[in-house]
Amino acid sequence: MKQNMDMEQYAQQVRQGKNGPALEKLAASEAGARLAAQVDGERLTQAARQGDTQALANMLKGILSTPEGRSFAAQVEKAVRNGQ
């Protein structure tokens, strides 16, 4: 993703992609909601807008350090790979 790309524009591109429906379903799931509640959305948006890859990596490491985060990441990977 380009550093200056608007987050809404990027989100729209993801939604319109072939895996958009599967990813939206995962995001709306109970597990997705629990993980989203653990993320500071304002901090995430700010880091993405500024292109702060270190902050983004640290947030992702935090999520993936939990069994629930690893399980959700595996579900996302499967959805992207299979379009399901």
Side-chain angles (χ1 to χ4, degrees):
M1 177 174 63
K2 291 182 180 179
Q3 289 181 2
N4 62 354
M5 181 181 277
D6 180 81
M7 290 300 294
E8 273 303 312
Q9 181 183 9
Y10 182 72
Q12 187 64 26
Q13 287 178 356
V14 170
R15 282 187 209 100
Q16 292 175 349
K18 70 175 186 169
N19 300 313
L23 294 173
E24 283 197 30
K25 184 178 176 181
L26 281 171
S29 71
E30 187 177 323
R34 281 194 306 271
L35 287 175
Q38 296 175 18
V39 176
D40 181 342
E42 187 175 320
R43 188 170 144 230
L44 174 66
T45 300
Q46 182 180 4
R49 283 191 176 139
Q50 293 175 348
D52 187 346
T53 56
Q54 186 61 49
L56 293 169
N58 288 340
M59 285 182 236
L60 185 56
K61 284 179 190 176
I63 292 168
L64 295 176
S65 70
T66 67
E68 186 174 56
R70 287 189 297 274
S71 174
F72 190 78
Q75 291 175 45
V76 169
E77 181 182 10
K78 180 181 177 185
V80 169
R81 189 174 354 117
N82 300 331
Q84 300 174 355

Review point. Shared ILVMFWY cluster between V14 and V80, side chains joined below 4.5 angstrom?
Key: yes

Practice item. Over all heavy atoms of both residues, which pair between L56 and L44 is shortest? Give the atoms and the distance, please. Key: CD2-CD1, 3.5 Å

**Study point:** Nearest atoms (heavy-atom pairs only) where L64 meets G69
**Key:** CD2-O, 3.8 Å

Review point. Between R49 and Q46, does any side-chain donor sit less than 3.5 Å from a side-chain acceptor?
Key: no

Review point. For F72 and L26, which heavy atoms make the closest approach, and how far apart are they?
Key: CE1-O, 3.5 Å

Revision key, fill the gap. OG1 (T53) and CG (N58) are apart, to the nearest 0.5 Å, by 9.5 Å

Exercise for review: Determine the minimum heavy-atom distance between A47 and M59, stating which atoms define it.
Suggested key: CB-CE, 3.9 Å

Point to revise | Distance-minimising heavy-atom pair for A79 and N19 | key: O-OD1, 3.5 Å

Exercise for review: Without swapping roles, check the side chain of T45 against the backbone of E42 for a donor-acceptor pair under 3.5 Å.
Suggested key: no

Revision key, fill the gap. One should read off an interatomic distance between E77 CD and R70 CZ, to the nearest 0.5 angstrom, of 14.0 Å

